[in-house]
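Following: one structure in structure tokens, then a few remarks.
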Amino acid sequence: MLTGKVAVITGSAQGIGKTCAETFLKNGAKVCLSDVVVDRLQATYEEFKLRYGAENVHQIPCDVTDKTQVEGLCSSPLDPIYASSKFGVVGFTLSHALHADVVDSGVRMAVLCPTFVDTTMIDDDNMKYFIEKIGVIKKEKLAEVVLEMVKDETNNGKCMVVTPQFHYYKDDFPKVEDVFLSTKQS
Ligand SMILES: NC(=O)C1=CN([C@@H]2O[C@H](COP(=O)(O)OP(=O)(O)OC[C@H]3O[C@@H](n4cnc5c(N)ncnc54)[C@H](O)[C@@H]3O)[C@@H](O)[C@H]2O)C=CC1
Ligand SMILES: CCCCCC(=O)/C=C/C=C\C=C\C=C\[C@@H](O)[C@@H](O)CCCC(=O)O
């Protein structure tokens with residue numbers, strides 16, 4: 001099913017990452033194992049090499065909190081740590097929006113996710129490719145969207161994506177009862 005594909009899996013010396021790596025190997029992918037604990041990574045690498053063949057398994061030690069090491073593992077034209085931190089802001093905002101201190105308090109928390117905006121932050125050659133494909137939002141237009149977001153009293157816990165062409169609310173946070181009272185097992 002995954003023949004011809006390569007999966008790079010961080011934190012794969014043990015736990016969920018290791019089990020995912022083995023599942024991918026069983027399904028025909030080649031897997032690049034990666035972990036910060038080098039001796040455990042080596043042991044998993046040896047184990048999988050024996051079981052699935054040296055041609056299908058590779059290993060690269062990597063501490064995912066180290067920007068240089070992450071770039072060595074999987075280069076990206078955009079800064080992976082910057083991008084990850086932005087996802088953190090989404091999670092932080094949406095989870096706080098559900099907190100008892102916020103719900104029904106009159107305070108609303110929402111998160112704005114623009115693509116590229118015409119500020120000095122985008123003066124970076126690495127971004128040129130994406131900017132050409134995606135375009136740039138004018139600051140003034142973004143400010144209008146922020147105004148709209150602030151005026152809307154129904155948007156607690158919402159995430160707004162803004163592009164040069166349009167904007168839309170995305171990924172409404174699940175209702176409390178969906179999170180805490182579900183009897184469904186995954
Ligand atoms: N420009 C873009 O394309 C995009 C920007 N963003 C985010 O929007 C936010 C604003 O970005 P821009 O206006 O483009 O950047 P900017 O660099 O033009 O302005 C940022 C301002 O924040 C101030 N600042 C930086 N660190 C601070 C700190 N620790 N405490 C208080 N103030 C601080 C800076 O001195 C500067 O005046 C940033 O979080 C950025 O990551 C998100 C998506 C796209
Ligand atoms: C569909 C893809 C949309 C991608 C939109 C996007 O990622 C926009 C990014 C815009 C600016 C990014 C700037 C990143 C700069 C970092 O490399 C770093 O230099 C910034 C560190 C400054 C800070 O304190 O945030």
Side-chain angles (χ1 to χ4, degrees), residues 1-99 109-116 121-122 124-127 129-131 133-134 157-161 170-186:
M1 192 182 10
L2 294 178
T3 308
K5 306 285 184 194
V6 178
V8 179
I9 305 182
T10 56
S12 50
Q14 69 173 30
I16 295 169
K18 180 178 177 182
T19 304
C20 287
E22 183 149 31
T23 302
F24 279 40
L25 284 161
K26 281 180 183 161
N27 280 272
K30 292 182 189 295
V31 169
C32 176
L33 302 165
S34 180
D35 206 286
V36 66
V37 183
V38 176
D39 52 350
R40 198 153 56 205
L41 176 65
Q42 182 69 26
T44 301
Y45 171 66
E46 296 296 340
E47 181 186 333
F48 285 176
K49 218 168 47 164
L50 278 179
R51 213 172 291 156
Y52 301 100
E55 69 284 10
N56 293 317
V57 194
H58 187 60
Q59 62 166 331
I60 301 180
C62 174
D63 176 350
V64 294
T65 65
D66 182 314
K67 185 175 169 182
T68 310
Q69 290 186 34
V70 173
E71 282 168 354
L73 178 67
C74 190
S75 69
S76 162
L78 292 176
D79 178 345
I81 294 179
Y82 173 83
S84 315
S85 74
K86 292 305 181 189
F87 273 97
V89 174
V90 174
F92 175 87
T93 308
L94 300 190
S95 58
H96 279 67
L98 257 193
H99 193 278
M109 295 184 73
V111 59
L112 188 70
C113 300
T115 52
F116 296 100
M121 276 201 88
I122 64 167
D124 180 335
D125 283 349
N126 287 332
M127 292 181 200
Y129 170 84
F130 287 100
I131 289 172
K133 297 256 176 219
I134 295 171
K158 290 193 179 171
C159 176
M160 179 177 274
V161 175
K170 183 177 179 292
D171 295 343
D172 279 7
F173 203 61
K175 293 185 177 65
V176 178
E177 57 267 30
D178 292 338
V179 177
F180 292 109
L181 299 181
S182 173
T183 52
K184 286 183 200 151
Q185 300 292 315
S186 59

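For the numbers below, each heavy atom of this structure counts, side chains included, while hydrogens, waters and symmetry mates do not.
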- K30 side, atom NZ; F24 side, atom CZ - distance, nearest 0.5 Å: 15.5 Å

- Over all heavy atoms of both residues, which pair between M121 and M127 is shortest? Give the atoms and the distance, please. O-CE, 3.6 Å

- Task: Fit a plane to each ring of F48 and Y52, take the angle between them on a 0 to 90° scale, and name the class: parallel (under 30°), tilted (30 to 60°) or perpendicular (over 60°).
- Result: perpendicular

- Message: I want to check something: taking the side chain as every heavy atom from C-beta on, are D35 and S12 in contact at a cut-off of under 4.5 Å?
- Response: no

- Item | Separation of L94 CG from M109 CE (nearest 0.5 Å) | 9.0 Å

- Message: Are the side chains of E47 and K18 in contact, using a 4.5 Å heavy-atom criterion?
- Response: yes

- Non-hydrogen atoms of V89 and T93 that approach each other most closely: O-OG1, 2.7 Å

- Roughly how far, to the nearest 0.5 Å, is the CG atom of L33 from the SG atom of C62? 12.5 Å

- Message: Quick check for you: to the nearest 0.5 Å, what is the distance between T10 atom OG1 and I60 atom CD1?
- Response: 12.0 Å

- Minimal non-hydrogen separation, V37 against D39, with atom names: CG1-OD1, 3.2 Å

- Message: Tell me the closest heavy-atom pair linking A13 and T44, and the distance in Å.
- Response: O-OG1, 2.6 Å

- Query: Side chains of K133 and F130: closer than 4.5 Å at any heavy-atom pair?
  - Reply: no

- Matching residue for L73 among V8, D63, D66, T68 - test: side chain to side chain contact (heavy atoms under 4.5 Å, CB included): V8

- Item | Euclidean distance, C113 SG relative to F87 CZ, rounded to 0.5 Å | 7.5 Å

- Do you know the tightest heavy-atom contact between P114 and L112? CD-O, 3.4 Å

- Heavy-atom nearest pair, I9 first then A21, reads CD1-CA, 3.5 Å

- Message: Return the OH to SG distance between Y45 and C32, rounded to the nearest 0.5 Å.
- Response: 10.0 Å

- Evaluation steps, side chain to side chain contact (heavy atoms under 4.5 Å, CB included), between V36 and V64: CA-CA 8 Å; V36 66; V64 294; over 6 Å; no

